[in-house]
Visitor: 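The structure follows.
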Amino acid sequence: MTLEQKIGQFFFPAVFINDTEENIQETERLIRDYNIGGLTFFHSRASAATNYESKKKVEFNDDSYQRLKDLIIRYQKCATTPLLMSIDAEWGLAMRVEKTPQYPYAITLGALPERKIDLIYEVGKQIGLDLKSAGIHYNLAPLADINNNPNNPVIGYRSFGSNKEKVAQYALEYLRGMSDVGILGCLKHFPGHGNTSVDSHLGLPVLEENLEQLLENELVPFIKGIENQVDSIMIGHLAVPALNDGKETSATLSKNIIESLLRERLGYDGLIISDALNMHSVSKLYDTKGQLEWEAFNAGNDVLCFAENVAEGIQEILKNATPQRIEESLNRIMKCKQKAGLFEENKTIVADFDFKITSDLNRKIADYCITDIKDKNNSIIVFDAKNRERLAKLSVYKTIENPFFTTLGSFLPSPEYAIENADDLINTSIKEDLTPFDTILVSLFVPKAKPLNNFDLEDSVLEFLGQLFQTKKCILYVFGNPYALQVIPNLDKTIGIVEMYQDFVEFQESAAEQLLEDKKAKGSLPVSLTGI
């Protein structure tokens, strides 16, 4: 390779599965002309995070999986040096691709007891196999961020929890599962994105901790990862003034954080990848094209993820970088490509995924993560002869045709009602309909995983639930992010609360069987909740 071709290996521009032929040909030109090292796949331009927040319409396409496979073959044919194909698939390909297996969020896995850590290994392994079937080599996951700020707008459900040791342990099992089937992994977002209140897709979060505090908490999972030879570490777009002479410089552009802390003090010599360089916390810093890419490389990143100025970035690095530094980064990238099998003659063809394996695994996770937040003999109350006569079931944000109610079915016959949105409180007689009943079994399907706008729980619905909890004997099953419990009023007036984390069919069926069979809940809350 020429020096320019070597530098090209550092660039991993974004590509979109559902894109125009014109854009696809432009990517092929980048591959041919600049010898880029890899690609990072997203569903579509509208779904990439910085665009998603602007509410551009995402067009769904049931053929996305086949398109992804076809594009990977097509792009590899253009490459002189095999491309390292990457994707952010924290909870599986379904995070980016329709009609593909979805696994539980990290917060759900964090509820599992440590004796069932083998289930997290299995999740990593199955996600790895699914990625392999598409031709992906590198998953930009999992998070090593610690959930120590309940108001975090972007981490939350994506973290394994608030306990640093558990986050470290569970992240390593997920990585081990992927590694055992030949998929590279990545710990993110160094030095820790958990204790922030700004979404780095849109602005620059600031961590106020000093080095001692970071070493005590945020950095623990990364240190454990380094001890276990993690394939790569992603640098987050967040500022730590205490490590930067008081300046609010993004970690992705900070030699102090990457070179001094991660490389020298923590002794990490593996691949370092930047978070996406299109994110607004850094993308608007420089007027000159290529300057951001040079600054990120100069700070210590080996891979420039979602680099938008490939030609100009290569020239800036060529002009400013030392040959020694170029060789160091190139060697790390080639080592990862070697490990991923990119230079092997006979590549094994992996069969497409098996939805039954995913479903069985999700069911096991559901059985072990179910968490009693508040239990006053829920089953006994529901099945008490007096209560049975005056018991109703209420589904919130789903119809009564949900697997939770269906599974309860003939074992617990009672009138069923639904509030699908706030309009139902005005346009139906739901309030009057519930008046005769003493006991209400409430299934709440939290609309959104992110905390923005109270998880999309409408004010009038929250107010209605608060009144219901005060006036009736209510047992609440929550299918969704446990942090949503913090915005629901009068929870102290309920007689039982069970947290289920996901609304998958397997989780709803597991919840119903737990109630019917009066099983003891095996999970534990992975985060701290206030006011519960």
Side-chain angles (χ1 to χ4, degrees), residues 6-13 36-40 84 86-88 137-145 171-172 175 178-179 184-193 200 207 214 218-219 221-240 243-244 249-279 281-282 292-307 313 316-317 320-322 324-340:
K6 288 177 180 179
I7 295 168
Q9 288 292 295
F10 310 150
F11 288 77
F12 279 49
I36 58 174
L39 298 168
T40 301
L84 191 63
S86 65
I87 198 166
D88 181 356
H137 315 105
Y138 181 19
N139 190 4
L140 304 178
L143 272 69
D145 302 312
L172 285 173
L175 287 169
M178 288 197 300
S179 183
L184 302 170
C186 175
L187 285 183
K188 61 186 183 186
H189 307 79
F190 188 88
H193 207 320
S200 54
L207 270 181
L214 291 171
E218 269 79 6
L219 291 173
F222 293 102
I223 291 167
K224 299 276 187 192
I226 292 165
E227 288 170 359
N228 285 272
Q229 288 84 48
V230 60
D231 295 314
S232 69
I233 290 176
M234 179 183 282
I235 310 298
H237 296 312
L238 55 142
V240 191
L243 302 182
N244 258 321
T249 306
S250 172
T252 31
L253 305 174
S254 167
K255 271 193 170 183
N256 285 341
I257 290 174
I258 302 176
E259 295 288 357
S260 303
L261 177 58
L262 182 53
R263 288 281 188 224
E264 293 167 21
R265 175 152 189 163
L266 301 183
Y268 183 61
D269 192 38
L271 192 72
I272 293 178
I273 180 171
S274 73
D275 206 344
L277 294 180
N278 75 319
M279 288 163 64
S281 44
V282 295
L292 172 61
E293 285 78 5
W294 156 245
E295 296 292 347
F297 181 75
N298 187 43
N301 294 285
D302 302 304
V303 171
L304 307 172
C305 181
F306 213 136
E316 284 296 318
I317 294 171
N320 293 297
T322 64
Q324 181 191 349
R325 170 60 210 287
I326 290 168
E327 288 299 327
E328 286 171 359
S329 287
L330 181 69
N331 287 340
R332 292 186 190 108
I333 289 167
M334 289 303 171
K335 189 176 172 186
C336 282
K337 288 190 172 188
Q338 190 86 40
K339 183 177 176 183

Visitor: Would Asn244 and Thr249 count as having a side-chain donor-acceptor pair, cut-off 3.5 Å?
Guide: no
Visitor: Might you point out which heavy atoms bring Pro191 and Ile257 nearest each other, and give the distance in Å?
Guide: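 Looking at all heavy atoms of both residues, the shortest contact is CD-CG2, 4.4 Å.
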Visitor: If I compare all heavy atoms of Lys188 with all of Leu140, which pair ends up nearest, and what's the gap?
Guide: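 Reported closest heavy-atom pair: NZ-O, 2.6 Å.
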Visitor: Looking at Leu271, is its backbone amide N or carbonyl O close enough to the side chain of Lys335 to form a donor-acceptor pair, meaning the two atoms are under 3.5 Å apart?
Guide: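 Checked: no pair found.
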Visitor: State, with a plain yes or no, whether a side-chain heavy atom of Asn228 is found less than 4.5 Å away from one of Leu175.
Guide: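 Heavy-atom side-chain distance check fails, nothing below 4.5 Å.
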Visitor: Walk me through whether Leu262 and Ile226 qualify under side chain to side chain contact (heavy atoms under 4.5 Å, CB included).
Guide: CA-CA 10 Å; Leu262 182 53; Ile226 292 165; 3.8 Å; yes
Visitor: So, does Asn278 use its side chain to make a donor-acceptor pair with the main chain of Phe306 at under 3.5 Å?
Guide: no
Visitor: Out of curiosity, Ser274 OG to Asp302 CG, how far, rounded to the nearest 0.5 Å?
Guide: 10.0 Å
Visitor: Got a sec, which pairs hit side chain to side chain donor-acceptor pair (under 3.5 Å) with one end in residues 229-239, sequence neighbours left out?
Guide: Tyr138-Ser232, Asp231-Lys339, His237-Thr252
Visitor: Does atom NZ of Lys337 have more than 12 heavy-atom neighbours, drawn from other residues, nucleotides or ligands, at distances under 6.0 Å?
Guide: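 Yes, the 6.0 Å shell around NZ holds more than 12 heavy atoms from other groups.
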Visitor: Taking the side chain as every heavy atom from C-beta outward, state whether Ile273 and Cys186 have any pair of such atoms under 4.5 Å apart.
Guide: yes
Visitor: From Lys255 NZ over to Asn298 CG, what is the distance, rounded to the nearest 0.5 angstrom?
Guide: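 With rounding to 0.5 Å, NZ (Lys255) is 4.0 Å from CG (Asn298).
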Visitor: Sub-3.5 Å donor-acceptor pair from the side chain of Asn139 to the main-chain atoms of Gly185, do we have one?
Guide: no
Visitor: Restricting to non-hydrogen atoms, name the atom on Ala251 and the atom on Gly236 that form the minimum distance, rounded to 0.1 Å.
Guide: CB-O, 3.4 Å
Visitor: Answer yes or no: is there a side-chain heavy-atom contact under 4.5 Å between Leu266 and Leu261?
Guide: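 A side-chain contact under 4.5 Å exists here.
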Visitor: Checking Leu84 against Val303 for the side chain to side chain contact (heavy atoms under 4.5 Å, CB included) test, could you report, in this order, the C-alpha distance in whole Å, the side-chain angles of both residues, the deciding distance, and whether it holds?
Guide: CA-CA 11 Å; Leu84 191 63; Val303 171; over 6 Å; no
Visitor: Begin with the C-alpha distance, continue with both residues' side-chain angles, and end with the deciding distance and a verdict on side chain to side chain contact (heavy atoms under 4.5 Å, CB included) for Leu143 and His189.
Guide: CA-CA 7 Å; Leu143 272 69; His189 307 79; 4.0 Å; yes
Visitor: Taking Ser86 for its side chain and Leu39 for its backbone only, find out whether a donor-acceptor pair lies under 3.5 Å.
Guide: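 Checked: pair present.
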Visitor: Going by side-chain contact (heavy atoms from CB on, under 4.5 Å), name the residues that satisfy it together with Ala296, two or more places apart in sequence or in a different chain.
Guide: Leu253, Leu277, Asn301, Leu304
Visitor: State, to 0.1 Å, how close Gln9 and Ile36 come at their nearest heavy-atom pair, and which atoms those are.
Guide: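 Taking every non-hydrogen atom into account, NE2-O, 3.5 Å.
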Visitor: Measure the CD1-NZ distance between Ile326 and Lys6 for me, rounded to the nearest 0.5 Å.
Guide: 8.5 Å
Visitor: Ignoring hydrogens and angles, tell me if any N or O in the side chain of Asp145 forms a donor-acceptor pair with the backbone of His193 under 3.5 Å.
Guide: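 Judged by distance alone, yes, a pair lies under 3.5 Å.
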Visitor: So which atom in Gly192 and which in Phe222 form the shortest heavy-atom distance, rounded to 0.1 Å?
Guide: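 Nearest heavy atoms, Gly192 then Phe222: N-CE1, 4.0 Å.
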Visitor: Given side chains that start at C-beta, do those of Ile272 and Arg263 come closer than 4.5 Å, heavy atoms only?
Guide: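 Counting from C-beta outward, Ile272 and Arg263 do come under 4.5 Å.
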Visitor: Taking atom CG of Leu238 and atom OG of Ser254, what is their separation to the nearest 0.5 Å?
Guide: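 Leu238 CG to Ser254 OG: 10.0 Å, rounded to 0.5 Å.
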Visitor: Using side-chain contact (heavy atoms from CB on, under 4.5 Å) as the criterion, list what pairs up with Asn320, not counting sequence neighbours.
Guide: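 For Asn320 the side-chain contact (heavy atoms from CB on, under 4.5 Å) partners, ignoring immediate neighbours, are Trp294, Glu316.
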Visitor: Please work out whether the ring planes of Phe297 and Phe10 are parallel, tilted or perpendicular, with thresholds of 30° and 60°.
Guide: parallel
Visitor: Do Asp269 and Arg332 have side-chain heavy atoms sitting under 4.5 Å apart?
Guide: yes
Visitor: How long is the straight-line distance from CD1 of Ile258 back to CG of Leu243, given to the nearest 0.5 Å?
Guide: 12.0 Å
